[in-house]
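Shown next, in structure tokens, is the structure this report addresses.
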Amino acid sequence: MLQGKTIVLGVSGGIAAYKAVELVRLFTKAGATVQVIMTKAATEFVGPLTFQTLSGNPVHQQLFNLIEEQEIGHISLAERADLFVIAPATANVIGKIASGIADDLLTTAVMATRAPVLIVPAMNVNMFQNPLYKANEERLRNLGYRFVAPVTGMLACGWQGEGKMQDPAVILEEAVALLAPDDLAGETVLVTAGPTREEIDPVRFISNHSSGKMGYAIARAAWRRGARVILVSGPTCLPDPWGPETVRVSTAAQMLEAVQARLKESSIVIKAAAVADYRPKERSEAKVKKHAGQMTLEMERNPDILAEVGRQKDGRLVIGFAAETEDLLANARRKLQEKNLDLIVANDVGQPGAGFDVETNIVRLLFPDGRVEEPGIMPKEELADLILDRIVALRATPV
Ligand code: CTP
């Protein structure tokens with residue numbers, strides 16, 4: 001997600017500095033080169049060696065350092081940044097930046113950078129609510145600096161309130177979004193994901209192996225690329241992603257209702273959910289007891305949500321998935337036509353490395369003009385972006 005990017009991470013002096021350690025780990029894991037600048041106060045909370053070990057780079061602390069200055073002055077540090085993140089950012093550092101003060105390495109490098117700057121405040125609730133702080137934040141926001149708002153909780157100073165530094169995983173999402181193209185800005189993308197559950201009685205249900213990973217990856221990628229995203233999800237073990245609005249449902253009937261309720265405002269619909277085609281004709285109120293001999297369960301058809309969406313297109317792009325175990329292309333082509341789709345993503349779920357509950361997928365992309373694309377095995381995160389690339393191209397093609 002951050003391959004080839006350089007992130008300069010400024011750490012200022014607050015107790016949340018310990019959480020910045022995790023942030024370095026997440027940034028490097030995502031492929032970024034991380035250069036850490038610590039203020040003097042930050043070194044009182046966490047030792048520079050921790051950041052140095054995790055980033056694999058020396059930690060920068062001094063504005064005038066004769067040894068460092070030759071090869072990596074504050075200007076070159078500022079210039080090399082694709083993104084500048086300050087986490088935690090104290091009221092003091094934010095005040096200095098807002099006032100144009102550059103009296104240490106961090107504030108000087110921030111002033112010198114042309115990269116986007118993401119500020120992650122962390123402070124006591126009273127400081128956060130102080131009008132001086134609010135004015136500084138507003139001034140910086142108006143100048144194009146981006147903020148990740150703090151959360152409410154128990155603060156290290158003993159107070160309860162707003163001021164806790166946001167979770168490192170969320171900061172990572174915001175950082176990735178800042179570096180991603182904004183080519184879905186203005187679109188509202190409705191994504192469905194996961195399985196549905198069709199209840200037999202209060203303790204049993206019929207479902208499938210879908211984990212929701214593919215749909216969630218698409219929802220996250222679309223949000224990073226600037227879209228407003230509504231994720232309608234069947235029951236999964238995945239947490240609500242940061243960014244998209246998540247609507248949780250259980251049955252196919254509930255999924256249809258949720259999709260229909262949000263269809264009007266959506267300009268792109270991507271149906272990655274594995275919807276159960278049938279549900280038990282009757283759901284027993286009491287737990288079904290066993291008795292001698294066999295049991296027969298009568299099933300009735302669920303609505304086909306995608307076909308329904310395809311019938312009322314109204315200028316929106318509609319993308320479906322096809323889970324197949326045989327005759328992949330023929331079945332996918334038929335679904336593409338019958339459901340009136342702009343693109344279908346077909347996967348052979350019987351193949352190792354494809355389909356349900358794995359990190360990768362192997363798909364073919366089929367278009368209404370007969371084109372078939374075969375991108376080969378790839379991580380679901382990467383495939384999500386490839387699918388969105390094709391959707392952006394479809395959007396750009398006049399009908
Ligand atoms: N789909 C849907 N509602 C259903 C069944 C499927 O919206 N009741 C959508 C899925 O989300 C997917 C596409 O239709 O985008 C194809 O789903 P798939 O299970 O591959 O095919 P089906 O249409 O159900 O056909 P079959 O089960 O016969 O393969």
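First listed ligand is number 1; within each ligand, the first listed atom is number 1.
With sequence neighbours excluded, the residues satisfying ring-ring contact (aromatic ring centres under 6.0 Å, His included) with F128 are Y133.
Within the structure, side chain to side chain donor-acceptor pair (under 3.5 Å) contacts touching residues 162-171 (residues at least two apart or in different chains) do not occur. For the side chain to side chain donor-acceptor pair (under 3.5 Å) condition, no pair includes a residue of residues 38-48, sequence neighbours left out.
Contact residues for ligand 1 (protein heavy atom closer than 4.0 angstrom to any ligand atom): K271, A273, V275, D277, P303, D304, I305, L306, G320, F321, A322, A323, K335, K339.
The side-chain contact (heavy atoms from CB on, under 4.5 Å) with N361 is formed by just one residue from the set M378, K213, M214; it is M214.
Classification of R225 and D385 as a salt-bridged pair holds, one side-chain N sitting under 4.0 Å from a carboxylate O. Ion pairing between a basic and an acidic side chain is recognised when a charged N comes within 4.0 Å of a carboxylate O; R228 and E187 show no such pairing.
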